[in-house]
Amino acid sequence: METIIIGIAGGTGSGKSTFTNRLKNEFVNDVSVVYHDNYYKRQDEIPFEERKKVNYDHPDSLETDLLVEHLRKLREGEAVDCPVYDYTQHNRSNQTVHIEPRKIILVEGILLLADPRVRDLIDIKIFVEADADERILRRITRDVKERGRDLDNIVEQYLTTVKPMHYLYVEPTKATADIIINSGMNDVAFDIVRSKIQLMLYPSYAQMQIK
């Protein structure tokens, strides 16, 4: 089975998840999704209050070695048990998610393209960008509603780590992307990516459609 790995990167709140979900809904049974966020390192030895202060927007906060190992196994047709990160505890949980190999592996994360080993495994590299004001507003809404965080903590984290790390580690990876889009809801970009995937998966069918 030919496997296509599609990487979707971009700043926090840029629309990565929106674009990822659109692709997932389009190809349904042919897709498995891996989230780089789930590979944050385990920090059992660090007290909760200290874990809240960790710089989670630096590449060193992630166990990317394990992500690389899992992506390679999925490409080779082997299932993996992906870790699960608990945002309320700022730590990796004891749960895992079983991920089966599929024709399409979507992998998403803000720092996804920062590691050359990951980039080398990705067939289509997508960078989603958005205005900084839009991104922080989306992050606030998400963190309050979905992750149970208070506004003061969100703002402090954004100013001390998220914003500076974005310009230091996330924004520069845009230059390594194959496609840069300005919104997860960009229909033209979605149609282009969908057509490219169809051509890679089903070249004969895609060529017939063109004719």
Side-chain angles (χ1 to χ4, degrees), residues 2-27 30-40 56-72 74-75 82 102-139 142 158 161-201 203 206:
E2 180 185 4
T3 299
I4 300 170
I5 299 179
I6 301 170
I8 302 169
T12 181
S14 61
K16 299 184 302 300
S17 295
T18 298
F19 200 78
T20 298
N21 289 332
R22 291 184 72 184
L23 289 175
K24 180 181 178 181
N25 293 334
E26 178 70 23
F27 293 97
D30 288 332
V31 173
S32 286
V33 184
V34 179
Y35 297 97
H36 199 186
D37 282 1
N38 276 329
Y39 291 80
Y40 280 119
Y56 294 100
D57 292 86
H58 191 284
D60 289 346
S61 66
L62 293 148
E63 192 179 356
T64 303
D65 288 350
L66 182 60
L67 173 66
V68 170
E69 177 186 334
H70 283 177
L71 291 178
R72 286 173 177 165
L74 288 168
R75 168 157 278 169
C82 171
R102 298 279 187 247
K103 292 180 179 178
I104 303 168
I105 305 296
L106 301 177
V107 56
E108 174 197 318
I110 63 172
L111 292 165
L112 192 65
L113 302 180
D115 193 305
R117 298 170 302 167
V118 177
R119 293 200 302 268
D120 288 345
L121 288 168
I122 295 175
D123 299 295
I124 302 176
K125 298 182 288 293
I126 300 168
F127 189 96
V128 186
E129 60 179 356
D131 181 79
D133 292 339
E134 293 180 20
R135 290 192 289 105
I136 181 56
L137 289 174
R138 290 172 187 165
R139 183 184 179 101
R142 180 200 66 192
Y158 181 80
T161 63
V162 177
K163 183 177 180 180
M165 294 300 102
H166 175 83
Y167 291 110
L168 190 59
Y169 292 109
V170 181
E171 184 74 16
T173 67
K174 181 167 64 174
T176 69
D178 300 308
I179 301 170
I180 301 171
I181 62 176
N182 60 358
S183 167
M185 293 302 296
N186 187 314
D187 290 334
V188 174
F190 179 77
D191 289 342
I192 291 172
V193 174
R194 177 178 56 188
S195 298
K196 178 63 176 177
I197 294 171
Q198 289 173 335
L199 182 61
M200 295 174 74
L201 285 179

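Because the structure is predicted, anything quoted here is derived from the model rather than measured.
- Residues Arg117 and Asp65 approach most closely at NH1-OD1, 2.6 Å, considering heavy atoms.
- Using a 4.5 Å heavy-atom threshold, the side chains of Leu111 and Tyr169 count as touching.
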Inset, instruction - Show the numbers, then the answer: is there a side chain to side chain contact (heavy atoms under 4.5 Å, CB included) between Leu62 and His36? - result: CA-CA 8 Å; Leu62 293 148; His36 199 186; 3.7 Å; yes
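- When side chains are defined from C-beta on, Leu23 counts as touching Ile8, because their heavy atoms get closer than 4.5 Å.
- Separating the CG atom in Leu112 from the OG1 atom in Thr176 is a distance of 9.0 Å, to the nearest 0.5 Å.
- Within the model, atoms CG of Leu67 and CG of Asn38 stand 10.0 Å from one another, a figure rounded to the nearest 0.5 Å.
- Nearest heavy atoms, Phe127 versus Gly11: CZ-N, 4.4 Å.
- Residues satisfying the side chain to side chain contact (heavy atoms under 4.5 Å, CB included) criterion with Arg194, sequence neighbours excluded, are Glu26, Phe27, Phe190, Asp191, Gln198.
- Pairs of residues two or more places apart, or lying in two chains, that qualify as salt bridge (charged side-chain N to carboxylate O under 4.0 Å, His left out) and include a residue from residues 177-189 are Arg22-Asp187, Lys125-Asp178.
- Side-chain N or O atoms of Ser14 include one that pairs as donor or acceptor with a backbone N or O of Val128 at under 3.5 Å.
- Between Ile5 atom CD1 and Asp120 atom CG the span is 11.0 Å, to the nearest 0.5 Å.
- Residues Leu113 and Ile122 have side chains in contact (heavy-atom distance under 4.5 Å, counting atoms from C-beta outward).
- Using a distance-only test at 3.5 Å, with no hydrogens or angles considered, a donor-acceptor pair links the side chain of Tyr40 to the main chain of Tyr56.
- Salt-bridge formation is detected for the pair Arg75/Asp123: a Lys NZ or Arg NE/NH1/NH2 atom is positioned less than 4.0 Å from an Asp or Glu carboxylate oxygen.
- From Phe19, atom CZ reaches atom OG of Ser183 across 9.5 Å, with rounding to the nearest 0.5 Å.
- To the nearest 0.5 Å, atoms OG (Ser61) and CG (Asp37) are separated by 9.0 Å.
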Legend entry - Criterion side chain to side chain contact (heavy atoms under 4.5 Å, CB included) on Leu74 and Thr3, from CA distance to verdict: CA-CA 8 Å; Leu74 288 168; Thr3 299; 5.8 Å; no
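- In this structure Arg119 satisfies the salt bridge (charged side-chain N to carboxylate O under 4.0 Å, His left out) test with no other residue, sequence neighbours excluded.
- Taking all atoms of both residues into account, the shortest heavy-atom contact from Val170 to Ile110 is CG1-O, 3.5 Å.
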Inset, instruction - Go through Leu121 and Arg72 one step at a time and tell me if the side chain to side chain contact (heavy atoms under 4.5 Å, CB included) criterion holds. - result: CA-CA 8 Å; Leu121 288 168; Arg72 286 173 177 165; 3.8 Å; yes
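- Under the rule for a side chain to side chain contact (heavy atoms under 4.5 Å, CB included), the partners of Leu201 that lie at least two apart in sequence or sit in another chain are Ile4, Lys103, Ile104, Ile197.
- Checked against side chain to side chain contact (heavy atoms under 4.5 Å, CB included), Lys163 has the following partners two or more places apart in sequence or in another chain: Tyr158, Tyr167.
- Heavy-atom minimum distance, Asn182 versus Asn186: OD1-ND2, 2.9 Å.
- With sequence neighbours left out, the ring-ring contact (aromatic ring centres under 6.0 Å, His included) criterion links His166 to no other residue.
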